[in-house]
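Here's the structure, in structure tokens; my notes come after.
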Amino acid sequence: MAVDGLITAERTVAEALLAHYRVHARRLPWRSPPGAAPPDPYAVWLSEIMLQQTTVAAVIPYYERFLARWPTVEALAAAQDGDLMAAWAGLGYYARARNLLACARFVAGELGGRFPDTEEGLRALPGIGAYTAAAIAAIAFGRRAVVVDGNVERVVSRLFAVETPLPAGKAELRVLADGITPERQAGDFAQAMMDLGATICTPTRPACLTCPLAAMCVARARGTPERYPVKAPKKAKPTRTGTAWWIEHDGAVWLVRRPDKGLLGGMLGLPTSDWREGAAAMALPDIAGDWTPLNSGVRHVFTHFALELGIARLAPGPAGAERIAKALGPGQWWPRAALAEAGLPTVFARVVQAVMALGED
DNA sequence: TAAGCGTGGGT
DNA sequence: TACCCAAGCTT
């Protein structure tokens with residue numbers, strides 16, 4: 001048996017990591033201290049959905065606002081769709097917000113307001129995949145679950161110097177993670193692994209000198225921790241171009257609700273042309289009037305393409321204003337002075353900024 | 001299995 | 001500047 005505080009080959013990964021976590025755990029709004037009673041499953045679920053592919057720093061203010069406004073799953077289930085989407089605006093991956101609402105309504109309506117306490121039950125809910133089901137089961141319900149996120153993949157790939165490139169290597173990494181996951185305290189263990197990945201076993205320049213697992217780490221022994229995880233090469237990102245249509249009448253701007261599926265689904269936005277590769281010219285809708293192409297535009301990078309969005313402006317006048325809905329489909333006039341509160345996704349918030357910077361005319 | 005799906009911060 | 005990356009899920 002290892003002497004406490006001294007890391008030896010006999011000490012397991014979980015023992016070394018949990019001892020470190022008891023002292024160095026990050027204090028986060030949705031987290032209970034190490035060894036304490038589990039937090040409210042609603043809080044765990046809400047934080048885990050927000051944290052999918054999103055940094056802790058970005059999530060914290062959204063989490064605080066959501067929990068204050070909708071303190072229970074029943075309260076969230078009663079929210080208006082538009083209010084929920086607007087509150088999520090800026091956080092990205094908007095399918096998460098749509099699934100969040102669907103999940104809350106199912107739990108509140110069909111499950112008596114109680115989240116399932118097993119991985120299998122959680123996995124069946126909208127927006128909850130393998131990682132999130134395992135994380136909630138372990139953190140909120142004390143289950144032994146193998147929690148594998150990007151942090152865990154990086155830590156495990158270095159511990160065992162796994163050469164199989166991601167994403168093909170995911171299955172292998174999961175088996176290895178299973179092998180080091182303890183029977184008890186799986187929730188603390190999962191959070192300890194993620195803390196380690198976020199603060200010590202970082203993608204670049206890992207702080208191996210302060211790592212509680214350094215003595216057990218094969219990549220460290222080889223002197224090449226940054227080599228892992230090995231990743232398959234990624235594809236080039238194309239550029240698409242399009243035009244946003246700024247139609248303003250009587251101090252208000254025409255906004256449209258985007259379809260539920262696809263990019264920025266369910267979000268409010270400016271009407272735009274199609275976004276296509278190669279198209280360069282300003283594109284205008286079939287609305288007669290004195291269109292003004294603006295010199296400024298917006299460049300915005302999405303996950304799988306970059307967008308260069310030009311802006312064309314129209315002041316249709318009272319008669320023309322009534323034809324807008326017919327030409328562009330359903331939408332609403334939003335007061336220009338209140339656009340900051342419309343809950344627009346970032347790409348359109350930037351268009352608003354660009355137009356506002358031009359002044360009233 | 002692979003592609004689609006946001007955004008902001010770090011290097 | 002141009003990448004890379006972050007507590008992934010859905011289809």
Just the atom pairs and distances: protein N or O near nucleotides 8-11 of chain B's N or O, under 3.5 Å.
from: B/dG8; atom 1: OP1; to: A/T346; atom 2: OG1; distance (Å): 3.4
from: B/dG8; atom 1: OP2; to: A/R350; atom 2: NH2; distance (Å): 3.2

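Of the residues in residues 29-45 of chain A, those placing a heavy atom less than 4.0 Å from an atom of DNA chain C are A/W30, A/R31, in numerical order. Near DNA chain C, meaning a heavy atom under 4.0 Å from it, residues 157-170 of chain A has no residue at all. For DNA chain B, none of the residues of residues 129-136 of chain A falls under the heavy-atom distance limit of 4.0 Å.
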Cut-off 3.5 Å, no hydrogens considered: what does the side-chain donor-acceptor table look like for residues 180-189 of chain A, sequence neighbours left out?
from: A/T181; atom 1: OG1; to: A/A177; atom 2: O; distance (Å): 2.7
from: A/D188; atom 1: OD2; to: A/G35; atom 2: N; distance (Å): 2.9

Under 3.5 Å, side-chain donor or acceptor atoms of residues 124-131 of chain A against the rest of the protein: list the pairs with distances, not counting sequence neighbours.
from: A/Y131; atom 1: OH; to: A/E48; atom 2: OE1; distance (Å): 2.8

Which pairs of donor and acceptor atoms, one on a side chain in residues 208-223 of chain A, lie under 3.5 Å apart (sequence neighbours left out)?
from: A/T210; atom 1: OG1; to: A/A207; atom 2: O; distance (Å): 3.1
from: A/R222; atom 1: NH1; to: A/Y228; atom 2: OH; distance (Å): 3.4

Side chains of residues 77-84 of chain A: which donor-acceptor pairs under 3.5 Å do they make with residues two or more places apart or in other chains?
from: A/D81; atom 1: OD1; to: A/R105; atom 2: NH1; distance (Å): 3.3
from: A/D81; atom 1: OD1; to: A/R105; atom 2: NH2; distance (Å): 3.1

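Between the side chain of A/T303 and the base of B/dG4 there is no donor-acceptor pair of N/O atoms closer than 3.5 Å.
Spacing of P atoms, C/dT11 relative to B/dG6, comes out at 14 Å, to the nearest Å.
For A/Y21, there are no ring-ring contact (aromatic ring centres under 6.0 Å, His included) partners, not counting sequence neighbours. For A/H24, the ring-ring contact (aromatic ring centres under 6.0 Å, His included) partners two or more places apart in sequence, or in a different chain, are A/H20. Shown here are the side-chain hydrogen bond (donor to acceptor under 3.5 Å, both in side chains) partners of A/R65, two or more places apart in sequence or in another chain: there are none.
Below 30°, between 30° and 60°, or above 60°: for A/F302 and A/F305 the angle between ring planes is between 30° and 60°, a tilted geometry.
Taking atom NE2 on A/H304 and atom P on B/dG6, their separation rounds to 8 Å, with Å as the unit.
Using a 4.0 Å cutoff to heavy atoms of chain A, the contacted part of DNA chain C runs 5' to 3' from C/dC4 to C/dT10.
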